[in-house]
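Numbering of residues begins at 1 and proceeds along the displayed sequence. It should be emphasised that the depicted structure is a prediction, and the values quoted were computed from it without experimental measurement.
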Amino acid sequence: MMWRLNFLVLFFCVVLNNSYILYYICLMHTLFTLMVYGVLGILNKYNEIGSVIAGKIVAYFLVVIPAWEIAGVFEFVWSPFTFLLGYTDSDPSKKKFSCLHEWHFRSGLDRYIWIIGMIYAYYHPTYGLKGKSGDLHIADPYMVKMNLQRFQRLMLLIFTFRLLERSPKSGE
């Protein structure tokens with residue numbers, strides 16, 4: 001399915017003489033789907049162990065955060081693909097942006113939701129189990145509380161990181 005979707009977009013780009021980044025949603029879904037498959041594919045025989053999945057999710061965060069949040073890292077990682085991801089707007093007011101600005105903006109919108117989706121996909125069957133009566137109940141309230149606290153700490157860390165990135169540097 002992914003091959004057909006990307007081929008169709010590439011076909012439209014060639015026929016309509018458009019930039020590939022104008023169809024960013026296809027590229028973005030392909031990228032993040034492959035990233036999730038890659039993360040879960042590494043040591044996949046251990047995916048049943050909660051601590052291994054948690055480690056993979058943290059590792060995924062540790063890749064995504066610098067790649068999108070630290071200035072210069074995104075350009076370094078994606079610059080070899082400028083021929084595919086680069087976009088130059090004809091509007092003169094947008095000439096100040098790099099040609100990867102559009103890809104940075106568009107891909108940055110959904111960079112964390114895929115990780116949150118991984119968290120829900122793994123922990124929902126674990127903590128949302130059906131009892132004998134068929135009603136949905138929480139398997140272990142303590143574990144749910146602990147995981148929510150971990151998630152809150154992680155979100156706080158990301159928020160703090162974003163604030164520090166935006167704070168004025170000394171000497172500027």
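- Residues F151 and I116 meet the side-chain proximity criterion, which asks for heavy atoms closer than 4.5 Å.
- No side-chain heavy atom of V64 sits under 4.5 Å from any side-chain heavy atom of W114.
- Once rounded to the nearest 0.5 Å, the distance linking OG1 of T160 with CZ of R162 reads 12.0 Å.
- Under the 4.5 Å side-chain heavy-atom criterion for grouping Ile, Leu, Val, Met, Phe, Trp and Tyr, L31 is connected to Y60 within one hydrophobic cluster.
- How far CH2 of W3 is from CG of L10: 8.0 Å, rounded to the nearest 0.5 Å.
- The shortest side-chain heavy-atom distance between M155 and Y112 does not fall under the 4.5 Å cut-off.
- Cluster annotation: I25 is connected to W78 through the hydrophobic network of ILVMFWY side chains, with a link wherever side-chain heavy atoms come within less than 4.5 Å.
- Between the side chain of H104 and the backbone N or O of F74 there is no donor-acceptor pair closer than 3.5 Å.
- A donor-acceptor contact shorter than 3.5 Å links the side chain of K56 to the backbone of I42.
- In this structure, E48 places its CD atom where only 12 or fewer heavy-atom neighbours from other residues, nucleotides or ligands lie under 6.0 Å away.
- Looking only at side-chain heavy atoms (C-beta outward), V39 and V63 stay at 4.5 Å or farther from each other.
- Under the 4.5 Å side-chain heavy-atom criterion for Ile, Leu, Val, Met, Phe, Trp and Tyr, M35 and I113 are members of the same hydrophobic cluster.
- Residues Y122 and N47 have side chains that never bring a donor and an acceptor to within less than 3.5 angstrom of each other.
- Taken to the nearest 0.5 Å, the CD atom of E102 stands 8.0 Å off from the CG atom of L22.
- Annotation for Y23: atom OH counts as buried by contact number, over 12 foreign heavy atoms lying within 6.0 Å.
- A single hydrophobic cluster is seen to contain both L8 and L16, as judged by linkage of ILVMFWY side chains at heavy-atom distances under 4.5 Å, directly or through other members.
- Taking hydrophobic clusters as Ile, Leu, Val, Met, Phe, Trp and Tyr residues chained together by side-chain heavy-atom distances below 4.5 Å, F81 shares a cluster with F32.
- Around atom CZ of F83, more than 12 heavy atoms belonging to other residues, nucleotides or ligands sit under 6.0 Å away.
- At least one side-chain heavy atom of I21 sits under 4.5 Å from a side-chain heavy atom of Y24.
- Using modelled atom types, no side-chain atom of R106 and backbone atom of W103 make a donor-acceptor pair closer than 3.5 Å.
- Of the possible polar contacts, none joining the T33 side chain to the T30 backbone as a donor-acceptor pair under 3.5 Å is found.
- For the atom pair CZ of F12 and SG of C26, the computed distance is 11.0 Å after rounding to the nearest 0.5 Å.
- Remark: L154 CG to I65 CD1 distance equals 6.0 Å, nearest 0.5 Å.
- If you look at W68 and F161, their ring centroids are not closer than 6.0 Å.
- A donor-acceptor contact closer than 3.5 angstrom links the side chains of Y20 and N6.
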